[in-house]
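Just so it is clear, the structure is predicted and the values come from calculations on it, not from any experiment. Throughout, numbering of the chain's residues begins at 1 and tracks the sequence.
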Amino acid sequence: MRGNQSGARCAMLLGSAAATMMAGNALASGRMHKPAAAQVLEARCARLAEAALRGAPVQGLAISAARWQRVQAGAASQPAHCLIEGHFGGHVGVIGGPYSIGFRMRLPAQWNHRFLFQGGGGSNGVIGDATGPNGPGNRSALERGYAVIAQDSGHDNGRNAVADHGGVLAFGFDPQARRNYGHASLKPTNDLAHHLLRAFYGRDSVNSFFWGCSKGGQEGMAFVQRYPEAFDGIVAAAPGFALPRAALAEAWDTQAIASILRARGEAPTLAGLKMALSAPSLALVRDVVLATCDADDGAVDGMITAIGRCTAERVVPALRQRSCTAGASGHCLDEPIINALARIMGGVRTAAGKNLYAPFPWDSGIAEPGWRVWKAGLENGPPALNVLLGAGSLASVFTTAPTPLPGDPEKMLAWQLSFDFERDAERINAIAAPFTTSAWQDVGMQDTDLSRFRARGGKLIVPHGMSDPVFSAYDTIQWWNAVDRRMGGQAARFVRVFPVPGMNHCAGGPATDRFDSLAALERWVIENKAPDSIAATAGPETPWPGRKRPLCPYPSVALPTGGSFSCGRLKAEGGRV
């Protein structure tokens, strides 16, 4: 039995298997009244655990729960559905085992004949709720009528944690667990989902979709590149498809911010990092960035939509005009802060100037809590996530051989500060026993050959916040440019990147971050209507609640046209990513 999984079973049964089969056929054809259909499915749910084991496409399948969930109202509104939970694919493991792949699936009574695979997040190790969240303000996939599956990518944060080996990241010391985290758990989970669809509904889905952000975006890219036949359409938002390289950037950023403290004569601590890049300092940086770049798209509106035009060559000199040494009046910026920001936004690089990860955009969300919490931490909140998550993942999961780190955050900071980019960065590509593949091979998903996905007819939407502090939107755009070159300039026929000005990681920031990418994907796949724009609205926490702007597929951008905005191309002059 796995944690958080009940063994309760629904006990309602119909009189005969023949009656159940006939009712199921009537449901599939749309001839059955809803109450009777619900009774049939409720009975079928009670027997799903047994049915799932027959002909299962995965090894070692164990079902811990199969029960009927009645309609839930209120904030946690859910339609009636069958919930099934379990695990499969167990192995002993080098350390922290035994390991297995945990899953949760919800099969609604009122099914739209579509299936959605819900992406994970962070280091995973927790089974998603399998409701299919797909962006702020949107109805869940389950509420829309989808059957949804979620999984933990092959390790459990409770059972598999080892305190002196990175805690919940101990799975990185086991080759199979690392491969499962990177990609290997995905296809068998997807195969199992379709097996359960057939066992429960008596038929497979008509359309299959994937939606994920961050690590979930990486998983979407893994499906596109490694298992391209799995889905009709995929949303891979803010994709962590270069996770090992992004972890290098996290260490680079931490070292840059620590240089501010050292310039002040302070030893770097987590508390010190919070104050090194204070909210007032970053608010001044934001104001300078907007004063420099806001008008590039033809509208001074607090949003930088001219993607690629707001360059360091323009912003850094403007910041230096507000430096304290330049005698700026009012609030000013210490020179070490300007130097650190230039280093962070320029991207991690070797002494010879080779970029190990993409630079970051200068954008309006740089002063937001959603940006600072990653880079430096919040004064009255958590320490830098670049340390808490970045140091441990780089040590345990993204380098070979892994480095055992204790859970003490200050010791994690010390390790990150000691990281030598000339000596240690290549460890993301290293292979050493017991590993037969590198961390980059296991987790990196930046292949530009998408010919199999295109041939399958797949469609891919990639939204990405321009103020994402952990995965650079420029990394995503550079990848799309490479795909487009490889596809002879035809990439937009099946994959489109939608930069979101001002948005932080997956959501938040001074941005129109309320948009329905799943609906856009449905129209593209089912109706063959390619998304030339996606309607987006600013949320209540923004400076302009309710503001509407189109999100535009790169390289088009939102440009003012009279009293509104539409997608178009900037004049061809410099700055393209």
Practice task
Any chance you could lay out the side chain to side chain donor-acceptor pair (under 3.5 Å) test for His113 and Ser205, step after step, and finish with the verdict?
Solution key: CA-CA 5 Å; His113 295 180; Ser205 59; over 6 Å; no
State whether the side chain of [X] and the backbone N or O of [Y] hold a donor-acceptor pair below 3.5 Å, judged by distance alone.
X: Asp232; Y: Ser208; answer: yes
X: Ser556; Y: Arg569; answer: no
X: Arg179; Y: Asp442; answer: no
X: Asp191; Y: Val58; answer: no

Think [X] forms a cation-pi with [Y], using NZ or CZ under 6.0 Å from the six-ring centre and within 45 degrees of its axis?
X: Lys548; Y: Phe565; answer: no
X: Lys215; Y: Phe471; answer: no
X: Arg496; Y: Trp524; answer: yes

Practice task
Examine Phe171 together with Tyr181 and report whether their ring centres are nearer than 6.0 Å.
Solution key: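 Yes, the ring centres sit under 6.0 Å apart.
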Pairwise side-chain contact, [X] with [Y], heavy-atom cut-off 4.5 Å (strictly under):
X: Ile149; Y: Arg106; answer: no
X: His155; Y: Asn124; answer: yes
X: Val497; Y: Pro499; answer: yes

Which heavy atom in [X] sits nearest to a heavy atom in [Y], and how many Å separate them?
X: Trp211; Y: Pro133; result: CE3-O, 3.4 Å
X: Leu521; Y: Gly233; result: CD2-C, 3.4 Å
X: Gly568; Y: Leu559; result: C-CD1, 3.9 Å
X: Pro510; Y: Pro543; result: CB-CD, 4.0 Å
X: Tyr474; Y: Gly308; result: OH-CA, 3.6 Å
X: Ser185; Y: Asn180; result: OG-O, 2.9 Å

Problem - Partners passing side-chain contact (heavy atoms from CB on, under 4.5 Å) against Ala482 (at least two apart in sequence or in another chain) - result: Thr448, Arg485
Exercise for the section: Quick one: which residue pairs count as a side-chain hydrogen bond (donor to acceptor under 3.5 Å, both in side chains) with a foot in residues 357-371, not counting sequence neighbours? Expected result: Asp363-Ser467
Exercise for the section: Quick one: list whatever passes salt bridge (Lys or Arg N to Asp or Glu O under 4.0 Å) with Arg198, sequence neighbours left out. Expected result: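 Arg198 satisfies salt bridge (Lys or Arg N to Asp or Glu O under 4.0 Å) with Asp204 only.
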Side-chain H-bond candidate by donor/acceptor type, [X] with [Y], under 3.5 Å:
X: Gln446; Y: Asp475; result: yes
X: His505; Y: Ser214; result: yes
X: His183; Y: Tyr227; result: yes
X: Asn134; Y: Arg139; result: no

Handout entry: CD (Glu541) with more than 12 external heavy atoms under 6.0 Å
Key = no
Problem - Option from Phe223, Phe453, Tyr146, Phe115 for which ring pair (Phe, Tyr, Trp, His ring centres under 6.0 Å) with Phe210 holds - result: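 Per the ring pair (Phe, Tyr, Trp, His ring centres under 6.0 Å) rule, the option paired with Phe210 is Phe223, out of Phe223, Phe453, Tyr146, Phe115.
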